[in-house]
Amino acid sequence: MVVRAADGTPLVTLGRYIGKATNNVAEYRALITAMREAEKLGARKVKIRGDSELVVRQMTGVYRVKHPDLLPLFREAKALFESFEAATIEHNYREKNELADRLGNLAMDRRADVTEAADDGAGSVLDASAARATVAGDRFECARCGCAIEVRTPSSVRPHQLKDFVCQCGTKMRLP
């Protein structure tokens, strides 16, 4: 999770290792942690952008919370949300949540909390969204080692959620 100032400057960055949990539990815990951190900073107004459409829609009342594991987390998040003078929550696509996503991935990889995600370019290559949806017959080639991938069955994942293919040598693969 990332707490930013009004000008976009990151004030608090945290990837928390929570062990084995569902993605939705992790998203709620990140939301709760972010609001607690904003509270500690003295924030009275918050604008929350989350990449979990389910959590955002549950928080805004569009969806009901049905799963018993999410109910206590939802109640805690809702109470924190309502404690601010003004609070909004909106859906944000994953590629616009790159820093928070990188922190979460680092925490899972290291099995420990992390507060920094160095921007050495390596993370951004893997986190960048694909330029477009693939179609059957697309052939991606590695400019470095020459290996290739041919798409036989396109993914059913939404295009904005797709990532570029990355060769085993670490090079992003491109259409010729």
Side-chain angles (χ1 to χ4, degrees), residues 1-120 122-130 133 155-164:
M1 64 96 214
V2 179
V3 175
R4 296 182 184 271
D7 67 359
T9 306
L11 301 174
V12 180
T13 58
L14 175 64
R16 175 151 287 154
Y17 179 67
I18 61 169
K20 188 175 180 179
T22 67
N23 186 52
N24 294 328
V25 166
E27 293 285 352
Y28 265 111
R29 288 192 178 172
L31 173 62
I32 290 165
T33 301
M35 288 191 289
R36 284 185 181 151
E37 292 297 325
E39 239 179 12
K40 285 182 197 173
L41 292 169
R44 296 186 321 266
K45 299 177 183 178
V46 294
K47 183 175 190 174
I48 299 164
R49 294 186 180 111
D51 63 7
S52 170
E53 192 172 353
L54 177 82
V55 170
V56 170
R57 289 186 179 214
Q58 286 176 337
M59 289 293 293
T60 56
V62 175
Y63 292 167
R64 288 184 306 131
V65 180
K66 297 177 185 175
H67 199 283
D69 292 347
L70 296 182
L71 205 51
L73 294 169
F74 167 77
R75 288 181 179 137
E76 183 178 357
K78 198 69 172 169
L80 280 165
F81 186 78
E82 291 171 353
S83 72
F84 292 98
E85 281 178 24
T88 60
I89 186 167
E90 61 187 38
H91 184 249
N92 196 26
Y93 290 116
R94 183 171 177 244
E95 65 266 16
K96 295 191 178 188
N97 237 7
E98 196 172 303
L99 178 56
D101 191 52
R102 195 173 328 132
L103 288 160
N105 287 332
L106 280 171
M108 285 185 284
D109 292 346
R110 295 178 184 171
R111 296 180 183 262
D113 291 358
V114 294
T115 56
E116 292 182 21
D119 192 6
D120 57 6
S124 59
V125 169
L126 298 177
D127 287 337
S129 60
S155 174
S156 60
V157 174
R158 296 179 192 170
H160 71 273
Q161 294 175 320
L162 292 173
K163 293 181 183 178
D164 289 312

Checklist entry - Given the rule in the side chain to side chain contact (heavy atoms under 4.5 Å, CB included) test, do Leu54 and His67 qualify, once you have shown the distances and angles that lead to the verdict? => result CA-CA 12 Å; Leu54 177 82; His67 199 283; over 6 Å; no

For residues 12-21, run the donor-acceptor check on the side chains, cut-off 3.5 Å, and write out each pair with its distance to 0.1 Å, sequence neighbours left out.
unit_1: Thr13; atom_1: OG1; unit_2: Thr115; atom_2: O; d: 2.4
unit_1: Arg16; atom_1: NE; unit_2: Asp113; atom_2: OD2; d: 3.3
unit_1: Tyr17; atom_1: OH; unit_2: Arg111; atom_2: NH1; d: 3.2

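- Side-chain atoms of Leu99 and Arg4, non-hydrogen and from C-beta on, do get closer than 4.5 Å to each other.
- Of all heavy-atom pairs between Glu27 and Val55, the closest is CB-CG2, 3.8 Å.
- Residues Ala38 and Phe84 approach most closely at CB-CZ, 4.2 Å, considering heavy atoms.
- Scanning both residues, Met1 and Leu103, for their nearest heavy atoms gives O-CD1, 3.9 Å.
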Checklist entry - Under the side chain to side chain contact (heavy atoms under 4.5 Å, CB included) criterion, do Glu37 and Leu11 qualify, and how do the steps go? => result CA-CA 9 Å; Glu37 292 297 325; Leu11 301 174; over 6 Å; no

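- For the residue pair Asn24 / Thr22, no side-chain donor-acceptor distance below 3.5 Å is found, with atom types taken as modelled.
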Next on the checklist: Using the rule given for side chain to side chain contact (heavy atoms under 4.5 Å, CB included), can you reason through Leu70 versus Val25, listing the C-alpha separation, both sets of side-chain angles and the distance that settles it, and then say yes or no?
Outcome noted: CA-CA 6 Å; Leu70 296 182; Val25 166; 3.8 Å; yes

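- For Ser83 (side chain) and Leu80 (main-chain N/O), a donor-acceptor pair under 3.5 Å exists by modelled atom type.
- Residues satisfying the side-chain contact (heavy atoms from CB on, under 4.5 Å) test with Arg75, not counting sequence neighbours, are Leu71.
- The structure places CE of Met35 at 9.5 Å from CD of Glu82, a figure rounded to the nearest 0.5 Å.
- In this structure, the separation between CZ on Phe74 and CD1 on Ile32 is 11.0 Å, given to the nearest 0.5 Å.
- With a 6.0 Å radius and a threshold of 12 heavy atoms from other residues, nucleotides or ligands, Lys45 has its NZ atom at or below the threshold.
- Leu31 and Ala77 make their closest contact through CD2-CB, 3.9 Å (heavy atoms, listed as atom of the first residue, atom of the second, distance).
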Next on the checklist: Test side chain to side chain contact (heavy atoms under 4.5 Å, CB included) on Arg29 and Leu73; report intermediate values, then the result.
Outcome noted: CA-CA 7 Å; Arg29 288 192 178 172; Leu73 294 169; 4.3 Å; yes

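- The closest side-chain heavy-atom distance from Tyr28 to Met59 is below 4.5 Å.
- A salt bridge links Arg49 with Glu90: the distance from a Lys NZ or Arg NE/NH1/NH2 to an Asp or Glu carboxylate oxygen falls below 4.0 Å.
- The nearest pair of heavy atoms linking Val2 to Pro10 is CG1-CB, 4.1 Å.
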